Participant: 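Please find one structure pasted underneath; my questions will follow.
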Amino acid sequence: MISFEQALAAVRQRAGPQPDVLLAADAALGHVLAEDCIATESLPGFDNAAMDGFALSAAHLALPPGTPIALHGVQAAGDARFTLGAAACRIMTGAVVPEGTATVVPVEDATVQTAADGSQTVVLTAPASAGMHIRRAGEDVPAGTAVLAAGTRLLPQHRMLLAALGISEVRVRAPVLAAVLCTGAELVDDHAALDDGQIRNSNGPYLRAALPAMGATVALYRRLPDSSTAYVEAVRAAEQAGCRIIVSTGAVSMGVHDFVPDALRALGAEVVFHKLQMRPGKPTLFAVLPSGALLFGLPGNPMSCAVGARFFVQAALRQMQGLPPERPLRAVLQAPVRKKPGWTLIQKAALAVSDDAQLQLRVLAGQESFRIQPFAQANAWAVLPESDTALEAGRVLACYPLQPALVEWPCVPVSA
Ligand code: AMP
Ligand code: MG
């Protein structure tokens with residue numbers, strides 16, 4: 001049997017990067033940039049007012065303090081640029097700065113007087129100098145700069161930047177299509193009535209929820225009887241639908257209906273590993289189909305399924321999306337834990353941040369692989385290393401957010 005780390009390495013080794021595709025910016029959300037994104041426009045695109053106020057020329061600024069300055073016209077956001085004459089003009093936030101403007105004085109720093117004939121003057125009530133309250137063209141992004149690096153997962157904050165720069169299409173790693181196949185004669189979907197011995201299918205809905213959060217699109221979903229023929233047929237259908245990742249649950253253990261290894265042999269798949277020194281999820285299977293699609297045979301116990309998806313399917317998806325292997329968080333164990341040597345335990349855990357910025361980890365009660373309730377209360381997976389038997393409080397342990405984080409946390413080396 002191979003170790004958890006060896007299994008992860010084997011998955012990473014078999015998962016190659018997806019080809020890249022050009023997608024509309026909205027469709028690219030959640031996908032990973034295949035190349036740097038270069039700005040073809042500057043941001044701001046032109047010098048514009050940062051405040052509602054008055055545009056003054058250099059001549060106005062040279063006047064003695066308190067001199068009334070003739071005021072004429074309004075430059076509003078969206079107006080074409082005009083040229084400042086002898087008079088100052090009103091200007092609104094975001095308006096292009098008129099030709100000849102030396103500074104913008106905010107409304108709060110001036111008073112306006114209206115004469116009997118309706119003409120207006122403005123008097124400054126605070127000192128003004130050149131270049132105030134003007135957002136310069138290119139101050140945020142000069143044209144030609146790389147604004148987003150290859151490997152960035154496109155999130156709403158990036159969508160704002162692309163929109164501001166008029167970038168409507170981006171090149172991303174092709175979305176990965178995935179299939180979810182749930183085996184088990186006992187399974188019933190959703191709220192249908194249960195007969196003797198039947199249970200509700202919880203793995204299927206879980207995977208349908210979890211895989212998109214890892215960047216995969218579930219293109220095929222089937223609940224299957226305990227039949228090798230049905231399994232083979234469903235795997236073929238998944239490949240035909242373009243699925244590069246196939247996740248099945250159940251039928252990989254030692255039971256009489258655990259037919260997945262045989263079905264995979266019939267499909268001509270290479271079984272890379274089956275069974276590993278990890279709990280939950282000891283019977284986990286990983287195979288490569290002749291088409292190159294990756295098949296994860298996860299055990300049916302809900303926690304084995306969750307761990308298999310979180311660690312192995314996620315590791316493959318990161319490779320396929322051109323992302324480096326995920327780095328664990330490191331947190332301080334709050335209470336001692338005992339375990340058998342020879343097994344990596346992946347435990348439901350609660351991660352918290354103390355007032356003094358320390359990540360703290362607590363392993364939850366109820367680690368059996370059928371227990372779903374503590375999973376819903378957990379926010380992290382703690383990884384208890386294979387060789388350890390007794391882990392003391394205060395020990396620093398690797399752990400992972402329960403669902404993969406969308407943003408990458410850069411690792412800062414500890415200063416000497
Ligand atoms: P298996 O891996 O097929 O031997 O199943 C192991 C355990 O997981 C059994 O108790 C199954 O009833 C249960 N199980 C299998 N598939 C599912 C599923 N989709 N949802 C919830 N429990 C399941
Ligand atoms: Mg089964």
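Note that this is a predicted model, so its numbers are computed, not measured. In each ligand, atom 1 is the first atom listed, and ligand 1 is the first ligand listed.
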Participant: What atoms of ligand 1 come closer than 4.0 angstrom to any heavy atom of Asn201?
Facilitator: 18 (C), 19 (N), 20 (N)
Participant: Tell me the protein heavy atom at minimum distance from atom 9 (C) of ligand 1, and give that distance in Å.
Facilitator: Glu186 OE2, 4.2 Å
Participant: Just wondering, do Gln198 and Asp195 contact through their side chains at under 4.5 Å, heavy atoms?
Facilitator: yes
Participant: What residue and atom, counting heavy atoms only, is the protein's closest point to atom 18 (C) of ligand 1, and at what distance?
Facilitator: Asn203 ND2, 3.1 Å
Participant: What protein heavy atom is closest to atom 21 (C) of ligand 1, reported as residue, atom name and distance in Å?
Facilitator: Ser202 OG, 3.2 Å
Participant: Compute whether any side-chain donor of one residue and acceptor of the other, for Asp262 and Ser228, lie under 3.5 angstrom apart.
Facilitator: no
Participant: Have a look at ligand 1 and work out which part of Ile199, if any, has a heavy atom under 4.0 Å from it: side chain, backbone, both or neither.
Facilitator: side chain
Participant: Could you state the interatomic distance from NE2 (His31) to OG1 (Thr217), rounded to the nearest 0.5 Å?
Facilitator: 5.0 Å
Participant: Hey, is His257 one of the residues with a heavy atom under 4.0 angstrom from ligand 1?
Facilitator: no
Participant: Please list, in number order, the atoms of ligand 1 under 4.0 Å from a heavy atom of Arg200.
Facilitator: 20 (N), 21 (C)
Participant: Given the ring of Phe286, does Arg14 sit roughly above its face, with NZ or CZ under 6.0 Å from the centre of the six-membered ring and within 45° of the axis?
Facilitator: no
Participant: Which option wins on minimum heavy-atom distance to atom 14 (N) of ligand 1: Gly184, Ser253, Pro205, Gly300?
Facilitator: Gly300
Participant: So, do Leu155 and Val407 sit near enough that their side-chain heavy atoms are less than 4.5 Å apart?
Facilitator: yes
Participant: Starting from atom 3 (O) of ligand 1, what is the nearest protein heavy atom, named by residue and atom, and what distance separates them?
Facilitator: Ala251 N, 3.0 Å
Participant: I need the nearest protein heavy-atom contact for atom 4 (O) of ligand 1: residue, atom name and distance, please.
Facilitator: Asp258 OD1, 4.1 Å
Participant: Does Gln347 form a side-chain hydrogen bond (donor to acceptor under 3.5 Å, both in side chains) with Arg362? I'd like the steps, not just the answer.
Facilitator: CA-CA 10 Å; Gln347 307 262 274; Arg362 202 163 41 83; over 6 Å; no
Participant: Taking the six-membered ring for Trp, are Phe296 and Phe312 ring centroids under 6.0 Å apart?
Facilitator: no
Participant: Starting from atom 7 (C) of ligand 1, what is the nearest protein heavy atom, named by residue and atom, and what distance separates them?
Facilitator: Asn301 OD1, 3.4 Å
Participant: Would you mind checking if Lys340 and Glu386 are paired as a salt bridge, meaning a charged N to carboxylate O distance below 4.0 Å?
Facilitator: no
